[in-house]
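Report on the structure given below.
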Amino acid sequence: MAQLLQIHEPGATPEPGTDEAPLAVGVDLGTTNSVVAIGEDAGVRVLRDENGIGLVPSIVAYAADGSAIVGELARRLMLDRPEAVVGSVKRLMGRGIADVKTLAGTLPYQLVDGDGSMGTGGRMARVVVAGHVFSPVEISAEILRALKERAEMQLGRTVDRAVVTVPAYFDDAARTATRDAARLAGLEVLRLVNEPTAAALAYGLDEGAEGIYAIYDLGGGTFDVSLLNMQKGVFQVLATGGDAALGGDDFDHAVAEHFLAQRRQQRGDEPLAVADVKLALMTGRIAKECLSTQKWGEWTLNIGDVPSLHRFDRPALEGLLDPLIDRTIHICRQVLDDAGVDPADVQGVVLVGGSTRVPLVRQRVGELFGREPLSDIDPDEVVAVGAALQAKALTRGSETLLIDVTPLSLGIETMGGIVEKVIPRNTPIPVARAQEFTTYQDGQQAMAIHVVQGERELVDQCRSLARFELRDIPPMTAGAARIRVTFAVDADGLLTVSALETTTGSEQKVAVKPSYGLTEDEMAQMLYDALQHGAEDMRLRVLSEARVEAKRVLVALAAALAVDGDLLTDEERQALDAQVAAVETAIAGEDRDAINAAVEELETLSRPFAERRMDRGIRAALSGRELKDFEAAGR
C-alpha cells in the first residue's frame, strides 16, 4: 500500500522515532526587559521564573573571566559594579558610535568602534565592559541564551527554534544583527516578526476581526506604529513607521537630566562617574514609574559625599515628556497619511510596551484616534504572546496569512550620488522587484553596485548596506548595455540583490550583509568558541550567580548585625561569625554547591535573630499606644 508523505515546515520535522510535535518559542528581545512564551493547545503561556515573573531584565553583568550573568542578578550589580554591567544594548544593534545617543554628553558605558578605536568607522560599535570588548550581538546572545535556558527548564525539552520580534523600524543591519545573536545563542530563527504585528496577533485581531487597527508600540528603546487591515484571515500591514532611537530610555534620560540640572544649581558643576550616570538614570526611571500612578514625590540622588533631594510632580514630568511624545504622534500622523487613512477609520488602537503606562501617552494617543486605546493584555508581555502564536503557526499550521511591509526604501546609487529607489517603503513583503540600468562610459566592462536604505535622495544621507561588482559586461557604447538589478526581500525583511547583464547572461548575486554586522569569520569563531567552551561557560555562569547571591546575603546580615547585634548571645554571635567565615571561604572557591550549602546553613542559623528583630520592630511600633487607639482606628 502506498504510504502518504507527511510534509513539515522547514526545520520543523520531528526527530525520527518520536511523537512529539515540533516545538518553537516566541521571544520578545526587548531594550529594558525580554520575555519568552510558548503556544500550546490551550493557548499561550508566558514562561515565568519561580516567583511568577515573566520579565527578564535585558541586563548583562560580566565577571573578570568573561562569564556572564543575565537578568535580575545583573540588575542588582548595576550600582555596585557599574563598569561590569551593560543594559539597553538593543539600541546599539546594527549601529555605529555616531548613531548612539548620550546622556548629558556621557554614555553609561564605554564604546569603541568595530576596529577597537574610538573613531566613527563603518562597523558596529562595541562595548567595553569588565576589561573586555563585546559586540552588541554577543551581549544580546547572552540574553537570548538565558531565555532559551528558561524555556528548556520550564518545558523539559531542548529548545532550538524561535520566532523573534524586532521593531518594525529596524533597518537591515539591525535585523541581521538580531538574527546573528539568536544563531550565536543556539536558536534557529523561523521568522523575524515586527513587534506591532506580533502585538496584533496577541489580541486575536486575526480571529474574526475586520477593518483597520493601529498598533502603538513604545518600548524602552524604540517606537513603532503600524496600521493593519484584517480581512477574512488576511493580516496585511498597510503602513509602518517609527524611530529606532526613541523610547522609555529617553523618558528616563529627560528626568535624570532634570535632576542633574537641579543638583548643579545647588552644588555647582561636579564630575560624573559612570556609577553616577547610571544612578541618575535609575532614579529617573523610578520617578517616571511612580508618577504614572501618583501626583508627586521626592527622590534622592546619592552622588558623591552629599546627597541631593528632588521634589517632582506629574505636571513637571509631562512638561519634560511632551516633546518626546509629540514626536510619536507626528510619526502616527505620517503613517496615517502614507496609508491614506483617516483617524476616524481606525477600528481600534492597541498599546504595546511598558512606556505606554505613562498617562500622558494614553491621553495623547486617545486624542489622536478619537477612542480609548486597548490595553487588556500586559503591554510588557503582549509582543512575546504574539510571537509564540506565530511560532505555533509555523510549526503546527495556521489559517492566518501575515503580510508585512518594508519599513524603509531600498535602492542603489546612480551617477552623481543619487539614490534610485527600487523598493519603496511600506511595500508588502516578501517581494522581488527588478529595474534596468545601463553603462555610463563607452567600452565599460564592469559596474559597481552600491545598495542603500533610507528615504533621502542622496547616498550620503542614507544607510549603506552593501557593495559588489558585476563584471564581464561586453564592451559597448555607453547606454547600450542592459543590466537588470533585482531586489528580493524575504518574510523577515532581509535583502538579497542580484545583477544580470541580459545579453551575455553574466550575473552576480549577494545576500546583503550590512557593514554594521559581524563578518562570517567573526560569527564562525564565536560559534566555535561557544561549542568548545559551552559546558565551562555554563559552570562559570552558575558559579557567578551563586557568588552574587551569597555576597548579597552577607551584606544584608552585616547591616542587621550593626543595628540589632545586641539581640544575640555571645555563643550565637560566635556561631554566626564562624558561618560567615565559611561562606566567605566558599565564595573564594570554585564549588557552586558548596557556596549554596554554606549560605543555606547561614540562613538557618540567622533565622532566630531575624525573628527577634521582627519582634523588636513590632514592640517599637506599639510603644506608647493603648488598645483604645487601635479600636478607634478600626472604626
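Side-chain atoms are counted along with the backbone in the values below, which use heavy atoms only and exclude waters and symmetry mates.
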Please report the closest heavy-atom contact between [X] and [Y], naming both atoms and the distance.
| X | Y | result |
| --- | --- | --- |
| A24 | A391 | O-CB, 3.7 Å |
| I59 | A74 | O-CB, 3.5 Å |
| I595 | L543 | CD1-CD1, 3.7 Å |
| G211 | N229 | O-OD1, 3.3 Å |
| T165 | A198 | CG2-CB, 3.9 Å |
| T356 | P379 | OG1-CB, 3.9 Å |

Legend entry - Set of ring pair (Phe, Tyr, Trp, His ring centres under 6.0 Å) partners for F223, sequence neighbours left out: Y216
Is there a side-chain contact between [X] and [Y] (heavy atoms, below 4.5 Å)?
| X | Y | result |
| --- | --- | --- |
| V129 | V85 | no |
| M93 | D180 | no |
| F487 | T427 | no |
| L147 | V70 | no |
| V35 | D380 | no |
| V385 | V46 | yes |
| V166 | N194 | yes |
| E195 | F170 | no |

Main-chain N/O of [Y] paired with [X] side-chain donor or acceptor, under 3.5 Å:
| X | Y | value |
| --- | --- | --- |
| N51 | I53 | no |
| Q154 | R48 | yes |
| R150 | G54 | yes |
| T222 | D243 | no |
| R161 | L190 | no |
| T328 | I325 | yes |
| R145 | L184 | yes |
| K392 | E40 | yes |
| S355 | G247 | no |

Legend entry - Qualifying residues under side chain to side chain contact (heavy atoms under 4.5 Å, CB included), relative to E152, sequence neighbours excluded: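 Per chain and number, E152 pairs via side chain to side chain contact (heavy atoms under 4.5 Å, CB included) with K148, T158, V159.
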Inset, instruction - For E549, check side chain to side chain contact (heavy atoms under 4.5 Å, CB included) against everything at least two apart and list the hits. - result: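 By the side chain to side chain contact (heavy atoms under 4.5 Å, CB included) rule, E549 matches L73, R76, R552, V553.
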Can you measure from [atom1] ([X]) to [atom2] ([Y]) and round to the nearest 0.5 angstrom?
| X | Y | atom1 | atom2 | value |
| --- | --- | --- | --- | --- |
| T176 | L192 | OG1 | CG | 8.5 Å |
| S58 | E142 | OG | CD | 13.0 Å |
| L47 | M153 | CG | CE | 11.5 Å |
| E381 | L55 | CD | CG | 6.0 Å |
| L187 | R179 | CG | CZ | 11.5 Å |

Inset, instruction - State which residues pass salt bridge (Lys or Arg N to Asp or Glu O under 4.0 Å) with D160; sequence neighbours excluded, sorted by chain then number. - result: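 For D160, no residue satisfies salt bridge (Lys or Arg N to Asp or Glu O under 4.0 Å) once neighbours in sequence are set aside.
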Legend entry - Stepwise side chain to side chain contact (heavy atoms under 4.5 Å, CB included) check, L155 with I38: CA-CA 9 Å; L155 302 173; I38 181 73; 4.2 Å; yes
Inset, instruction - Show the numbers, then the answer: is there a side chain to side chain contact (heavy atoms under 4.5 Å, CB included) between R91 and D250? - result: CA-CA 11 Å; R91 305 193 82 162; D250 299 282; 2.8 Å; yes
Legend entry - Where at least one partner belongs to residues 40-69, residue pairs that pass ring pair (Phe, Tyr, Trp, His ring centres under 6.0 Å), sequence neighbours excluded: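 Listed by first then second residue: Y62-F134.
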Legend entry - From CA spacing to verdict: side chain to side chain contact (heavy atoms under 4.5 Å, CB included), T197, I215: CA-CA 8 Å; T197 307; I215 315 297; over 6 Å; no
Inset, instruction - Go through the steps to decide whether R362 and R357 satisfy the test side chain to side chain contact (heavy atoms under 4.5 Å, CB included), and finish with yes or no. - result: CA-CA 7 Å; R362 296 179 178 232; R357 289 191 172 93; 4.3 Å; yes
Legend entry - Check ion pair E289-R285 (N to O, under 4.0 angstrom):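 Yes, E289 and R285 are salt-bridged.
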Inset, instruction - Give me the one residue out of V365, L374, D217 that meets side chain to side chain contact (heavy atoms under 4.5 Å, CB included) with L351. - result: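 Among the candidates, only V365 passes.
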Legend entry - Member of T32, T31, D249 meeting the side-chain hydrogen bond (donor to acceptor under 3.5 Å, both in side chains) criterion with S88: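 Of the listed options, the one satisfying the test is D249.
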Legend entry - Sequence neighbours excluded, every pair satisfying salt bridge (charged side-chain N to carboxylate O under 4.0 Å, His left out) that has a member inside residues 53-64: none
